[in-house]
Protein chains: 2
Amino acid sequence: MTSKIIQSIKSIASLNEAEEKAFLSILEVKLFKKKEFLLQEGKICNKITFVNNGIMRLFYNVEGVENTIQFFFGDSWYTDYASFLTGKPTIENLQALEESEVVQFKKEDLYKLYDSMPIFEKVGRIFAENAYLSISQLNQMKTNEEPELRYINLLKTRPELVQQIPQHYIASYLGIKPETLSRIRKRILTSK
Amino acid sequence: MTSKIIQSIKSIASLNEAEEKAFLSILEVKLFKKKEFLLQEGKICNKITFVNNGIMRLFYNVEGVENTIQFFFGDSWYTDYASFLTGKPTIENLQALEESEVVQFKKEDLYKLYDSMPIFEKVGRIFAENAYLSISQLNQMKTNEEPELRYINLLKTRPELVQQIPQHYIASYLGIKPETLSRIRKRILTSK
DNA sequence: GTAAAACGTTGACTTGAATCAAGAAATCAT
DNA sequence: ATGATTTCTTGATTCAAGTCAACGTTTTAC
């Protein structure tokens with residue numbers, strides 16, 4: 001259950017036996033059923049989540065409209081870093097789209113590791129750096145690419161995503177209405 | 001020249017005398033004239049910059065169109081973290097809009113500090129965390145707010161910015177054309 | 001000081017996505 | 001299995017920003 005997360009951490013920084021043991025001791029494995037929430041707006045995000053398998057959707061509400069930020073499949077990390085770092089309530093909702101298995105650990109426990117074993121300070125830094133890189137990539141995609149191009153790229157780079165996730169969620173992820181995505185799809189099909 | 005940056009670092013983590021000295025030893029003060037570039041697309045960003053005073057504009061080109069990301073005034077930090085971390089060429093351009101004084105240090109030197117003095121690993125972590133927070137805030141603003149609302153909020157929260165920076169750059173920052181900003185301004189004025 | 005360049009405003013027109021509405025297709029719950 | 005709900009598609013219309021073009025104003029460079 002925890003082998004994948006250990007592998008992922010070790011790709012960040014090599015851990016000796018004691019360090020690995022310390023890390024393992026703070027982990028908690030959890031199962032979420034379809035439609036269950038791992039995080040809901042208003043709550044404080046004080047955990048880091050590693051997705052073993054399943055599918056999750058991350059979104060937030062703006063004036064009653066759901067704004068999809070990202071989808072998570074197996075072998076990916078998630079935390080609302082803003083809430084995690086500031087201790088303020090999150091605006092994000094993370095919902096399982098399929099039954100999913102995750103491994104989590106608490107901020108509290110991570111900060112103890114920061115203080116007791118210097119290597120984890122490094123892990124934390126690289127963690128934050130990776131979080132930055134992924135948000136900045138997402139950012140760039142969103143601001144630079146037209147919805148139609150983004151959809152075409154999505155088809156190329158993550159076809160499994162397009163297949164497994166309802167279209168109206170993908171539309172929301174692309175920042176357009178379902179009707180518009182439907183028309184984009186039609187346009188792509190007929191132009192081939 | 002370096003008192004502000006030291007103060008800023010100390011607000012992240014307290015440094016003892018040796019640590020402060022080590023940090024000071026890697027700093028370099030630089031002056032940039034109006035229109036000079038601190039960073040240009042295609043180059044690799046291997047520095048972190050602290051702005052003592054002046055005004056800078058950060059932008060990148062998409063198909064010949066400049067896309068303004070942010071403005072920097074005194075007491076602010078800048079690095080293209082993506083290029084800094086990955087070592088890949090940047091797409092960002094950082095240009096002085098007024099004569100500006102900055103303090104910089106090299107990635108190379110920072111990484112030596114990471115290895116020689118553990119406190120800097122912590123500084124690096126908090127740095128990355130702050131970078132994440134600011135990009136995520138910017139992100140949120142951009143995706144949630146209509147250009148007109150964003151402009152009104154900008155007037156409220158950073159009036160000095162609106163006054164000191166040419167409108168077409170502000171338009172670019174808001175993600176709209178100068179003509180549109182001009183019309184928004186007219187709308188706001190006549191509605192008062 | 002003056003010519004050139006950059007900047008800002010306004011009008012007419014175009015365009016791409018949103019909205020509203022209705023119906024078809026797929027999925028879910030019992 | 002079947003009725004209910006959700007999801008997807010299509011058409012007609014609206015709307016906000018973009019585009020193109022012209023012109024007045026401000027700033028810059030020499």
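For clarity, every value in this text was computed on a predicted model and none was experimentally measured. The analysis underlying the following values was restricted to heavy atoms, covering all of them including side chains, and did not include hydrogens, waters or symmetry mates. Lettering of chains follows the sequences in order, A, B, ..., and the numbering in each one begins at 1.
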* **Nearest-nucleotide comparison on DNA chain C, the residue closer to the 5′ end among Y169(B) and E179(B)** => Y169(B)

* Evaluate the side-chain proximity of F37(A) to K43(A): yes if any heavy-atom separation is below 4.5 Å, no if none is. => no

* Locate the shortest heavy-atom distance separating V102(B) from V51(B); write the atom from each residue and the value. => CG1-CA, 4.2 Å

* To do: Compare the minimum distances between each of dT9(C), dA18(C), dA17(D) and the side chain of S182(B), then state the nucleotide with the smallest one.
  => dT9(C)

* F23(B)-F105(B) aromatic ring centre distance below 6.0 Å -> yes

Roughly how many Å is it from [atom1] in [X] to [atom2] in [N], rounded to a whole number?
X	N	atom1	atom2	answer
I170(A)	dT9(D)	CD1	P	11 Å
Q163(A)	dC8(D)	CD	C1'	17 Å
K177(B)	dC20(D)	NZ	C1'	13 Å

Does [X] place a side-chain N or O at less than 4.0 Å from the phosphate oxygens OP1/OP2 of [N]?
X	N	answer
H168(A)	dC8(D)	yes
T180(A)	dA17(C)	no
Q167(B)	dA6(C)	no
K186(B)	dG11(C)	yes

Would you list the protein and nucleotides 25-30 of chain C atom pairs, both N or O, that sit under 3.5 Å from each other?
{"residue": "dC28(C)", "atom": "OP1", "partner": "K34(A)", "partner atom": "NZ", "Å": "3.4"}

* Asked: So what does R183(A) hit on the nucleic acid, given a heavy-atom distance under 4.0 Å: a base, only sugar-phosphate, or nothing?
  -> base

* Just by modelled atom types, is the K4(A) backbone N or O under 3.5 Å from a matching donor or acceptor in the D75(A) side chain? -> no

